[in-house]
Novice: 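Below you will find the structure I want to go over with you.
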Amino acid sequence: YGNVKRVGDATKFTVDNYVGWTIEALQYAVKMDGGKVTFSSEEARESFLNSLLQLTHVENMNKSFQEKQGVLVTRYWTNAGIISNRKEGLFPFKDEEGFRYLNYFGDDVFAQVFDYATCFSEGLARVSKAEQEYFIDTTGQKVFVCDPDLHYGPFHNGFAYIWNKNQKFGFVNRLGQVIIPCICDRVSDFSEGLAFAIVNGQDCFIDTNGQKVFDCDPNFNYGKFHNGLAVIVYKNNRWGYIDKSGQVIIPCVYDYALNFSEGLAHVWLGDEEYFIDTTGQKVFACDPNLNYSFFRDGLARVERKENDQ
């Protein structure tokens, strides 16, 4: 593994060690078995812990987990969940008494046992205790009590989607106030202030006030917005990008395309693989012997392909 600069030059390239924290590394290292974390080897276990924690206290944390004889909660380990928990340093942990939150050192941060607990997202986590469901902040303080007639998703862009017994969706803010009532047939998380929604059978994007921004073209499938653009897929399976007004900015000409990150996106066209900017201009061609991740802080992680000697 290694990194590439935005111009495509490889730097810090090592094949035998991995010191990142991306979801690919976790998937490589971890096997999920009944909610428990198992590892294919001691090397994989060490890689996973280093990737997740990025600290020098891995041994202390692991020892604490062993002494507590519990398991890290894996049910909610999505890509966003991993990044969020890594930033906040709080991890749901289940033992025979129930759920609690541990920090990087394996300490029980809140000294509370919950009947149920989820990963933190934007500083809030949903828990239940004594037959009451509510959200807590990173100090363990109750922020708001959940409406028993509603179900709640994680927070993104300051909002969490909710749904009622009639399977209608809406959104609440960080205080638990219903900002967009449950009138949608389906919604996605907000991303850069916009969310996909189906309202009265019409696919559209809405803003954080619940106002329709633009109707969706039935010929397209839509992704989330990143760097002001969202991936679209035309019915002929060609990929392109739209802006926040729904206008096609980069035509659907690619065989495959990924989200923009720091102004660059990874695309495939025929035998070519390269990165483009937000105008659709080619920035650099990809090395056919490497796999590329998203750009962060001006660098993208690269991995030598298995068939490359």
Novice: Using side-chain contact (heavy atoms from CB on, under 4.5 Å), reason through Y101 and Q112 one step at a time and then give a plain yes or no.
Specialist: CA-CA 8 Å; Y101 287 92; Q112 295 187 64; over 6 Å; no
Novice: Determine whether C146 and F135 satisfy the following criterion, side-chain contact (heavy atoms from CB on, under 4.5 Å), listing intermediate values before the conclusion.
Specialist: CA-CA 7 Å; C146 297; F135 277 81; 3.7 Å; yes
Novice: Would you say Q132 and V145 make side-chain contact, with heavy atoms under 4.5 Å?
Specialist: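 Counting from C-beta outward, Q132 and V145 do come under 4.5 Å.
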Novice: Between D108 and F93, is there a side-chain heavy-atom distance shorter than 4.5 Å?
Specialist: no
Novice: Considering all heavy atoms of both residues, which atom of S188 and which atom of F171 are nearest to each other, and what is their separation?
Specialist: O-CZ, 3.3 Å
Novice: I'd like to check the side-chain hydrogen bond (donor to acceptor under 3.5 Å, both in side chains) partners of Q177; sequence neighbours left out, ordered by chain and number.
Specialist: N173
Novice: Under 3.5 Å, sequence neighbours excluded: what are the donor-acceptor pairs made by side chains of residues 216-225?
Specialist:
residue, atom, partner, partner atom, Å
D217, OD1, N219, N, 2.8
D217, OD1, N219, ND2, 3.2
Y222, OH, D217, N, 2.7

Novice: Measure the CG-CG distance between D107 and L102 for me, rounded to the nearest 0.5 Å.
Specialist: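 Interatomic distance, D107 CG to L102 CG, rounded to 0.5 Å: 8.0 Å.
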Novice: Does one hydrophobic cluster hold both I180 and I162, with members joined at side-chain heavy-atom distances below 4.5 Å?
Specialist: no
Novice: Enter the distance from K94:NZ to F99:CZ here, rounded to the nearest 0.5 Å.
Specialist: 5.0 Å
Novice: Verify, without hydrogens or angle tests, whether T138 (side chain) and G123 (backbone) share a donor-acceptor contact under 3.5 angstrom.
Specialist: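 Such a contact is absent between T138 side chain and G123 backbone.
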Novice: Check whether L124 and F159 end up in the same hydrophobic cluster, where Ile, Leu, Val, Met, Phe, Trp and Tyr are linked by side-chain heavy atoms less than 4.5 Å apart.
Specialist: no
Novice: Using the rule that two of Ile, Leu, Val, Met, Phe, Trp, Tyr join whenever any of their side-chain heavy atoms come within less than 4.5 Å, decide whether W268 and F275 are in one cluster.
Specialist: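 Looking at the clustering, F275 is in a separate group from W268.
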Novice: Suppose clustering is done on Ile, Leu, Val, Met, Phe, Trp and Tyr with side-chain heavy atoms closer than 4.5 Å. Which residues sit in the same group as V199?
Specialist: none
Novice: Closer than 3.5 angstrom, by distance alone: can the side chain of E192 be matched with the main-chain N or O of N227 as a donor-acceptor pair?
Specialist: yes
Novice: Please lay out, stage by stage, how F294 and E262 fare under the test side-chain contact (heavy atoms from CB on, under 4.5 Å).
Specialist: CA-CA 9 Å; F294 295 100; E262 297 190 355; over 6 Å; no
Novice: Out of curiosity, does F214 fall in the hydrophobic cluster containing V231 (side-chain heavy atoms, cut-off under 4.5 Å, transitive links)?
Specialist: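 Per the 4.5 Å side-chain linkage, V231 and F214 are not co-clustered.
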Novice: Only counting residues at least two apart or in another chain, list the ones meeting side-chain contact (heavy atoms from CB on, under 4.5 Å) with N209.
Specialist: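 Scan of N209 (side-chain contact (heavy atoms from CB on, under 4.5 Å), adjacent residues dropped) gives D207, Q211.
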Novice: Could you give me the CA-CA distance, side-chain angles and deciding distance for V267 and Y274, then say whether side-chain contact (heavy atoms from CB on, under 4.5 Å) is met?
Specialist: CA-CA 6 Å; V267 299; Y274 50 93; 3.6 Å; yes
Novice: Determine yes or no for a side-chain-to-main-chain donor-acceptor pair under 3.5 angstrom, with S121 supplying the side chain and F155 the backbone.
Specialist: yes
Novice: With rounding to the nearest 0.5 angstrom, report the CH2 to CZ distance, W163 to R186.
Specialist: 14.0 Å
Novice: Pair up each side-chain donor or acceptor in residues 246-260 with any protein partner under 3.5 Å, not counting sequence neighbours, and list the distances.
Specialist:
residue, atom, partner, partner atom, Å
D255, OD1, R238, NH1, 2.4
D255, OD2, G270, N, 2.6
N259, ND2, H226, NE2, 3.3

Novice: Do Y152 side-chain atoms and D147 backbone N/O form a donor-acceptor pair below 3.5 Å?
Specialist: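 Side chain of Y152 to backbone of D147, a donor-acceptor pair under 3.5 Å: yes, one is there.
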Novice: Can you name the nearest heavy-atom pair linking F114 to S128, along with the distance?
Specialist: CB-O, 3.6 Å
Novice: Give me the ring orientation class for F169 and Y161: parallel if the planes are under 30° apart, tilted from 30 to 60°, perpendicular past 60°.
Specialist: tilted
Novice: With a 6.0 Å cut-off (strictly less than), is the heavy-atom count around CG of N200, excluding the residue itself, greater than 12?
Specialist: no
Novice: Working to the nearest 0.5 angstrom, can you tell me the gap between F284 CZ and L264 CG?
Specialist: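 One gets 6.5 Å once the value is rounded to the nearest 0.5 Å.
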Novice: For the backbone of G263 and the side chain of D277, can you confirm whether one donor and one acceptor N or O come within less than 3.5 Å of each other?
Specialist: no
Novice: What are the two closest heavy atoms between V283 and I276, and how far apart are they?
Specialist: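 Smallest heavy-atom distance, with atoms named: CG2-C, 3.9 Å.
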Novice: Looking at CZ of F196 and CG of D189, how far apart are the two atoms once the value is rounded to the nearest 0.5 Å?
Specialist: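 So the CZ of F196 and the CG of D189 are separated by 13.0 Å.
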Novice: Between E122 (side chain only) and N157 (backbone N and O only), is there a donor and an acceptor less than 3.5 Å apart?
Specialist: yes
Novice: If I compare all heavy atoms of E131 with all of D115, which pair ends up nearest, and what's the gap?
Specialist: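 Heavy atoms only, the tightest pair is N-OD2, 4.2 Å.
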Novice: With rounding to the nearest 0.5 angstrom, report the OG to CD distance, S293 to E303.
Specialist: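 It is 9.5 Å, given to the nearest 0.5 Å.
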Novice: Grab the two heavy atoms, one from R100 and one from V113, that are nearest each other, plus how far apart they are.
Specialist: NH2-CG2, 3.3 Å
Novice: Go through the structure and list residues passing salt bridge (Lys or Arg N to Asp or Glu O under 4.0 Å) with D185, not counting sequence neighbours.
Specialist: K168
Novice: Indicate the atoms forming the closest heavy-atom contact of C119 with A125, along with that distance.
Specialist: O-CB, 3.8 Å
Novice: Decide if atom CG of N236 counts as having more than 12 heavy atoms of other residues, nucleotides or ligands within a radius under 6.0 Å.
Specialist: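 It does: N236 CG has more than 12 such atoms within range.
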Novice: Same cluster or not: are W239 and Y234 linked, directly or through other Ile, Leu, Val, Met, Phe, Trp or Tyr residues, by side-chain heavy atoms under 4.5 angstrom apart?
Specialist: no
Novice: Using only atom types and a distance under 3.5 Å, with no angle test, would you say the side chain of E273 pairs donor to acceptor with the backbone of P288?
Specialist: no
Novice: Does I206 reach the side chain of L194, with side-chain heavy atoms less than 4.5 Å apart?
Specialist: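 Of all side-chain heavy-atom pairs linking L194 with I206, none is under 4.5 Å.
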